[in-house]
Amino acid sequence: MRWSQSYIFTAREAPKDAEVVSHRLMVRAGLIRKLAAGIYSYLPLGWRSMEKMMAIVRREMNAAGAAELVMPAIQPAELWRESGRWQAYGVELLRMHDRHKRDFCFGPTHEEVITDIVRRDVKSYRQLPFNLYQIQVKFRDEMRPRFGLMRGREFLMKDAYSFDIDDAGLDVAYEAMRTTYCKIFEACGLDYSMVEADTGTIGGSASHEFMVVADTGESAVVRCPDCGYAANVEKAEIGDLETPAPAAAEELRRADTPGQTTVDEVAGFLEVEPSRVVKTLLYQTDKGPVAALIRGDRELNEVKLGNVVGATELRLAREDEVEELSGAPVGFAGPVGLSGDVRLIADQTVRPLTNFVCGANAADAHHTGVNWDRDLPDLAEWEDLLLAGRGDPCPRCDGTLELYRGIEVGHIFRLGTKYSEAMSCTYTDEAGELKPMVMGCYGLGIGRTVAAAIEQNHDDDGIIWPLPLAPHEVALLSLDPSDPAVAQVADGLYDRLREKGVDLIYDDRDERPGVKFKDADLIGFPVRVVVGKRSLAEDRVEISTRRQREKMMVPTASAVATTLELLLD
RNA sequence: CGGGGCGUAGCUCAGCCUGGUAGAGCGCACGGUUCGGGACCGUGAGGCCGGAGGUUCAAAUCCUCUCGCCCCGACCA
């Protein structure tokens, strides 16, 4: 490809809304252009990288025995009503209607459609299992799109769906996708990790996320360096925490705590450890009000609480709601004497506490000397509600958890029969019995992975593409295109490299050398070949790599061979 | 959805408080000098100051409404 014939517009400055490095560089390098909030055009260079990503995905998916198809982006509401998600999905689902006022949505995911396809065709266990995938444009009406392709509203995603006769079959399909995903991210040259994850609204029994490690990632992940346990903090379990030694029950007392509303204030005021204060967090859910009881020195994991409650909606109660539920201003709620309308759920780590402190459901007052068996004998729900963090004990070994951030680029779910049951996607087994198919679903963000690759591979001058994702592997710069000798050598190299199948861009523009160098660095082509008057006088060209930046002067005659060698490394 | 901010040239932004001929840098065009790390000088094109209404002799500037965008939070994955 000749630069002068392509469509490449780089910019010295990034738009002010670009906060993260990948977004800034993708815009500056002319890879993407924003059309509306969270909606981007892929410009020629950006699309080339996307295509390379998709080629890797297709290669590995096909190798795993999955078959590609493409489903409609626009989907009828009936299917979503059948699965129950027309109600459940909420405002992220972009809904629309046609001229006949029939409801449709722009698909944020395709479980309904694939299930509908399969249930029409597949009737027998003899026709199972299989795995179908597509690469499709999705739309999720994120309330806060940001970070360019990392959190867009319209985005390209590879989604795959496996269908099996039973859980054992799903295990095999799931395992195959797990290894396939590892191969894909390895092929992209990314530093990633696989972590246990919450299943979210897609549902199902188990899931893993693939995280590209990056400080700007939106997901927090814990990992045990000893045994390798890794999980999204939303899901992460925690090993046994140290608990204060039990003591003989003291009297239940009411203490005046004027203006002491936070755990630290109360603990300091009453001179007790924050871990001996039980904080009561009031939530409103679609299943009614809930009070979560957790240790004062810990944070609540809202995802865990939501799962325990079985809620699809869950939010911290507003001030006025807290007053209504507890009869006290925010900061003084407690389990003792709380309205029976509120469902009490306690974190399991508060169970060993004796003589602890909690709010008294009255302004400026707390209880001290509280003991579960005596003061709250009816409390029955003990669950894991803690948010894991740095320094927590590993749930699987004696290690200590580390905390880091990652970009979620892939997510695989064991769906089970959630959709096949809701939508009657059944088969007849050997015994002639009708059974729901057992499904898995496997998502992978194409644009997000490309963005994550940049997030992980850049410097002050621009992108440092991993070779497999670079829009072009080699940039051939002609510094003096109007000089006949330079033009002849550069044209010759261009032809010979193309004959060798090298994916290269030939900067034949009538621009100053500095401009070409800056552009090549910004876009980040892995290998650069420079032909200029100066070096050509010694019959040499300069070849360098973007990452190492080591320049070597090689005889013109061996330039092609040297370039090919660099591409092999 | 709540709080805050911003919409002025293709891009980044000044001007607005205190109303009176619309600005800079980058980019673009032309001429010249340059030519291995985003050159320099000169000339020039380019804006219904997001949109609608209002106040005023006069509105980019003040007021109201509206649309779009951004940030923080809530929330969602």
Side-chain angles (χ1 to χ4, degrees), chain A residues 9-20 23-24 27-30 33-39 85 88-93 108-109 138 140-148 150-153 155 157 197-203 207 209 211 217-220 232-235 283-286 302-303 306 311-319 321 406-411 413 443 445 448 460-462 477-483 486 507 509-523 528-538 540-542 544 549 551 553:
Chain A
F9 291 90
T10 60
R12 205 183 293 242
E13 289 173 285
K16 61 178 171 182
D17 61 319
E19 293 179 275
V20 298
H23 185 194
R24 268 201 304 273
V27 173
R28 282 192 57 209
R33 169 90 24 92
K34 183 167 82 173
L35 182 63
I39 301 178
R85 290 207 293 185
Y89 214 92
V91 293
E92 269 192 24
L93 186 63
T109 176
K138 314 270 190 191
R140 292 182 191 170
D141 198 356
E142 296 277 350
M143 59 190 76
R144 257 190 80 191
R146 54 186 150 174
F147 304 156
M150 271 173 58
R151 197 174 188 74
R153 292 197 293 174
F155 55 99
M157 178 172 166
D198 185 66
T199 51
T201 52
I202 299 205
S207 90
E209 286 171 336
M211 296 283 186
E218 293 187 277
S219 306
N232 190 312
V233 289
E234 292 178 344
K235 162 83 178 176
Y283 278 83
Q284 288 290 0
T285 79
D286 56 322
E302 289 188 356
V303 172
T312 52
E313 282 170 48
L314 177 135
R315 64 171 172 81
L316 210 50
R318 292 190 309 265
E319 268 181 52
E321 292 169 331
I407 300 164
E408 179 191 337
V409 289
H411 199 160
F413 299 82
R448 193 182 268 191
D460 289 346
D461 290 317
L477 313 195
S478 171
L479 297 188
D480 306 278
S482 56
D483 180 295
V486 171
D507 192 347
R509 292 176 299 169
D510 180 22
E511 282 288 354
R512 300 169 56 80
V515 173
K516 299 192 177 194
F517 288 135
K518 288 290 183 189
D519 276 344
D521 285 350
L522 175 60
I523 299 167
R528 193 182 75 187
V529 179
V530 179
V531 184
K533 222 178 341 191
R534 212 172 70 186
S535 58
L536 211 55
E538 299 162 29
R540 280 166 195 275
V541 299
E542 179 203 283
S544 59
R549 290 260 161 118
K551 301 176 185 173
M553 303 301 294

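Below, chain A is the first sequence line, B the second, and so on; all start at residue 1.
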Out of [options], which has the shortest distance to the side chain of [X]?
X      : options             : answer
A/V530 : B/G36, B/G38, B/C35 : B/G36
A/T10  : B/C75, B/G38, B/C76 : B/G38
A/V515 : B/C76, B/C35, B/G38 : B/G38
A/R151 : B/G38, B/C76, B/G36 : B/C76
A/S535 : B/C69, B/G36, B/C75 : B/G36
A/E19  : B/C71, B/C69, B/G38 : B/C71

Rounded distance in Å - [atom1] ([X]) to [atom2] ([N]):
X      : N     : atom1 : atom2 : value
A/I39  : B/G68 : CD1   : P     : 12 Å
A/F155 : B/C76 : CZ    : C1'   : 13 Å
A/E142 : B/C70 : CD    : P     : 13 Å
A/R85  : B/A77 : CZ    : C1'   : 12 Å
A/E13  : B/G10 : CD    : P     : 15 Å
A/R12  : B/C26 : CZ    : P     : 8 Å
A/K533 : B/C35 : NZ    : P     : 9 Å
A/E234 : B/C75 : CD    : P     : 13 Å

Indicate, with a heavy-atom threshold strictly under 4.0 Å, whether [X] touches base, sugar-phosphate, or nothing.
X      : answer
A/E511 : nothing
A/R28  : base
A/R448 : nothing
A/L522 : base
A/K551 : base

Suppose you measure atom [atom1] in [N] against the same atom in [M]; what distance do you get, rounded to whole Å?
N     : M     : atom1 : result
B/A58 : B/C16 : P     : 22 Å
B/C69 : B/U55 : P     : 31 Å
B/G53 : B/C11 : P     : 26 Å

| request: Quickly, which of A/R12, A/R28, A/R509 forms a salt bridge (Lys or Arg N to Asp or Glu O under 4.0 Å) with A/D519? Name it, please. | output: A/R509
| NZ/NE/NH1/NH2 to OD/OE distance under 4.0 Å, A/E142 and A/R151 |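 Looking at A/R151 together with A/E142, the answer is yes, because their closest N to O distance falls below 4.0 Å.
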